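None of these values were measured; they are calculated from a predicted model. Atoms within each ligand, like the ligands themselves, are counted from 1 in listed order.
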Amino acid sequence: MKCLWCQNQVTRNLLMQEILFPWLITESLCSTCRNLFEKTPADVCPHCCKVGQATICEECLVWQEKYPDLTINHHSFFLYNEAFSQWIYQYKFLGDYRLRQTFRLELKKYFKHKPDVIICPIPLSVERYAERGFNQTQAMLEAANITYTSLLKKKSDTLPQAQKNRQQRLSTTQPFEATQACLEIKAKKIILFDDVYTTGRTLLHAMDVLNAYHPSQISTVSLAR
Ligand SMILES: [Zn+2]
Ligand SMILES: [Zn+2]
């Protein structure tokens with residue numbers, strides 16, 4: 001196979017199951033590229049995965065005060081390092097749709113043992129969708145064969161998150177509204193999936209909308225933090 005990121009031909013011994021069932025091959029990167037993406041270390045904030053924290057971080061304390069009814073329970077696969085920043089630039093901003101496959105192995109493993117959970121990708125506004133041609137979070141779940149439910153709709157949007165400074169990001173008004181599917185989430189567990197956790201603003205807005213429908217638990221997952 002060819003590595004999805006560096007395009008080099010990968011020579012590795014195939015596993016027996018990959019020879020018998022070639023369609024099951026899920027690794028899309030060579031080992032060199034795989035190692036460029038650093039896994040989230042152990043010393044992170046137990047709520048939001050911010051690095052270098054043994055206990056709850058300052059940012060989470062601010063959110064706790066603002067949203068006493070919500071608890072951040074976040075899982076992030078990778079650190080937002082140089083490699084990740086290049087990857088997200090190519091995938092999201094240059095619109096390289098092939099890259100939706102990059103982390104399907106991680107996603108598949110993580111969501112495999114959560115059959116009773118409703119997984120919801122963070123939606124894009126109509127404007128961003130028209131610009132990019134795909135929803136990057138939804139496309140990754142599809143590539144990993146993960147069933148999801150669209151519980152949220154994004155209202156129109158003038159400036160993409162990435163073009164906002166930290167202050168603008170933190171002060172945005174509620175960008176989401178509930179879809180009809182929210183009528184079915186009472187007492188159910190929800191996982192919200194986004195590509196990156198930056199300030200937590202987007203996910204907190206999303207949690208706030210869903211919380212009004214009384215799910216039993218809302219946790220969040222991002223590729224990187
Ligand atoms: Zn590679
Ligand atoms: Zn935190």
Can you check the number of protein N/O/S atoms within less than 2.8 Å of the Zn ion (ligand 1)? 4
Tell me whether the NZ or CZ atom of Arg132 lies within the 45° cone about the ring axis of Tyr129 and under 6.0 Å from its centre. no
Glu142/Arg104 ion pair, N-O < 4.0 Å: no
Is atom CD of Gln9 surrounded by more than 12 heavy atoms (other residues, nucleotides or ligands) closer than 6.0 Å? yes
Between side-chain atoms of residues 184-191 and protein atoms elsewhere (two or more places apart, or another chain), which donor-acceptor pairs fall under 3.5 Å?
| from | atom 1 | to | atom 2 | distance (Å) |
| --- | --- | --- | --- | --- |
| Lys188 | NZ | Glu184 | O | 3.1 |

What protein N/O/S atoms lie closer than 2.8 Å to the Zn ion (ligand 2)? Cys45 SG, Cys48 SG, Cys57 SG, Cys60 SG
Could you tell me whether [X] and [Y] have their ring centroids closer than 6.0 angstrom?
X: Phe103; Y: Trp87; result: yes
X: Phe77; Y: Tyr110; result: yes
X: Phe134; Y: Tyr91; result: yes

Separation of Gln174 CD from Leu204 CG (nearest 0.5 Å): 10.0 Å
With sequence neighbours left out, write down each residue that passes salt bridge (charged side-chain N to carboxylate O under 4.0 Å, His left out) with Asp195, or none if nothing qualifies. Lys92
